[in-house]
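Input: a single structure, listed below in structure tokens.
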There are 2 protein chains.
Amino acid sequence: MKVYDHQLEVPGLRMTKQRKEVYRALMENADHPTASQLFDNLKNSQESMSLATVYNCLEALVEHGAIKQVNVDREPTRYCQNSAQHGHFHDQSTGTIHDINFKSGINLIDILDLPEGTEISSLEITLKGTLPS
Amino acid sequence: MKVYDHQLEVPGLRMTKQRKEVYRALMENADHPTASQLFDNLKNSQESMSLATVYNCLEALVEHGAIKQVNVDREPTRYCQNSAQHGHFHDQSTGTIHDINFKSGINLIDILDLPEGTEISSLEITLKGTLPS
DNA sequence: CAACAAACTTAGAATAATTCTAAAAAAGGC
DNA sequence: GCCTTTTTTAGAATTATTCTAAGTTTGTTG
């Protein structure tokens, strides 16, 4: 797992003021926020910026593997601090999202029945249900 | 795996003309169509119906486990004939979706690190990439 | 350093999949 | 056959996201 410094360097990505701020805002919010929640957080900060920019920055960070996107059904897209391979659990009683990891030694690719030569660019695993209280 | 007769009975779901037609239309279209693609298919059939009804019927069928929903990023939701546990592969060079199965003997739940007592109501696994030609 | 091109940001408009609304129709129970 | 509940419908409304076009910043190159 790669965790970049919050001052932030991401290989291959030009780090503008706005991208740094968006990244930092996400690092300070572990609740898998939406783009507009991040936008609201940022309004009260030094560096206010437009919602379109928040979307642009998040897209750039996702494309460069620094953060992850979480889609649950058709709800607004949420963003995840954790760039390592992991899944998400959507707790339907609270609406919250939790990271879930694979048991150690497991490589998800190994258990899928894929044709030889398949190239995988991303893998998303999402559960819904309720966690014990 | 349960495959219902195409005349169709689904336990607990009242089978209206429209729900039967939507189900049948999906069974005849293996390409993981969207709601509006199904709507277009149905226009040329006996039983034409409103787009809202197509959405309603698909929702009812998904809720009752007769079909599955496939979400890839923010693209329009697509629907899947196959109600058994399986994953989806989104081929980025063609835009097509393919079912993928787990290797035999594998139970996905077993490899996830979940707290005791977690209740799972759905599990979605989606890959993106390119398949060999 | 100045000039230029490329990349980025921005506000607001546009898009489009989906959901909502309220009324009409259908289904099932008795 | 009546009554209640569920379903269907057409069109309007919603809303997350993308697009647009103009302005700004950045990095590069002579």
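Throughout, protein chains are lettered first and strands after them, A, B, ... in sequence-line order, and every chain is numbered starting at 1.
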Might you work through the side chain to side chain donor-acceptor pair (under 3.5 Å) test for A:Asn82 and A:Asp99, ending with a clear yes or no?
CA-CA 8 Å; A:Asn82 180 355; A:Asp99 289 359; 3.3 Å; yes

Step through it carefully: locate the ring centre of B:His98, locate the ring centre of B:His32, and say whether they are under 6.0 Å apart.
no

What is the separation between atom CZ on B:Phe39 and atom P on C:dA17, rounded to the nearest whole Å?
13 Å

Is the phosphate of D:dT6 approached by B:Thr16 (side-chain N or O, under 4.0 Å from OP1 or OP2)?
no

Atom-to-atom span, CE of A:Met49 to P of C:dC8 - whole angstrom
15 Å

Under 4.5 Å between side-chain heavy atoms, counting indirect links through other Ile/Leu/Val/Met/Phe/Trp/Tyr residues: same cluster for A:Ile100 and B:Ile111 or not?
yes

Would you kindly give the CE-to-C1' distance between B:Met15 and C:dG28, to the nearest whole Å?
17 Å

Short side-chain N/O contact from B:Arg14 to OP1 or OP2 of C:dA27, under 4.0 Å:
no

CD of B:Gln37 versus P of C:dA16: gap in Å, rounded?
15 Å

OP1 or OP2 of C:dT10 less than 4.0 angstrom from a side-chain nitrogen or oxygen of A:Gln18, does that happen here?
yes

Counting only heavy atoms from other residues, nucleotides and ligands, does the tally under 6.0 Å from CD of A:Glu63 exceed 12?
yes

Atom pairs under 3.5 Å, N or O on each side, protein against nucleotides 18-23 of chain C: can you list them with distances?
residue	atom	partner	partner atom	Å
C:dT18	OP1	A:Arg74	NE	3.2
C:dT18	OP1	B:Thr77	N	2.9
C:dT18	OP1	B:Thr77	OG1	2.7
C:dT18	OP2	B:Tyr55	OH	2.4
C:dT18	O5'	B:Tyr55	OH	3.4

Roughly how many Å is it from OH in B:Tyr23 to C1' in D:dT7, rounded to a whole number?
20 Å

Side chain of A:Ser50 - closest among C:dT10, C:dT9, D:dT8:
C:dT10

Ignoring hydrogens and geometry beyond distance, is a side-chain donor-acceptor pair present between A:Thr77 and A:Asn71 at under 3.5 Å?
yes

Should we count CD of B:Glu119 as having more than 12 external heavy atoms under 6.0 Å?
no

May I have the distance from B:Glu21 (atom CD) to D:dT7 (atom C1'), rounded to whole angstrom?
16 Å

A:Lys43 NZ to C:dA11 C1', straight-line distance once rounded to whole Å
14 Å

So if you build clusters from Ile, Leu, Val, Met, Phe, Trp, Tyr with side-chain heavy-atom gaps below 4.5 Å, do A:Val54 and A:Val10 land together?
yes

Please report, rounded to the nearest Å, how far the P atom of D:dT24 is from the CG atom of A:Asn56.
18 Å

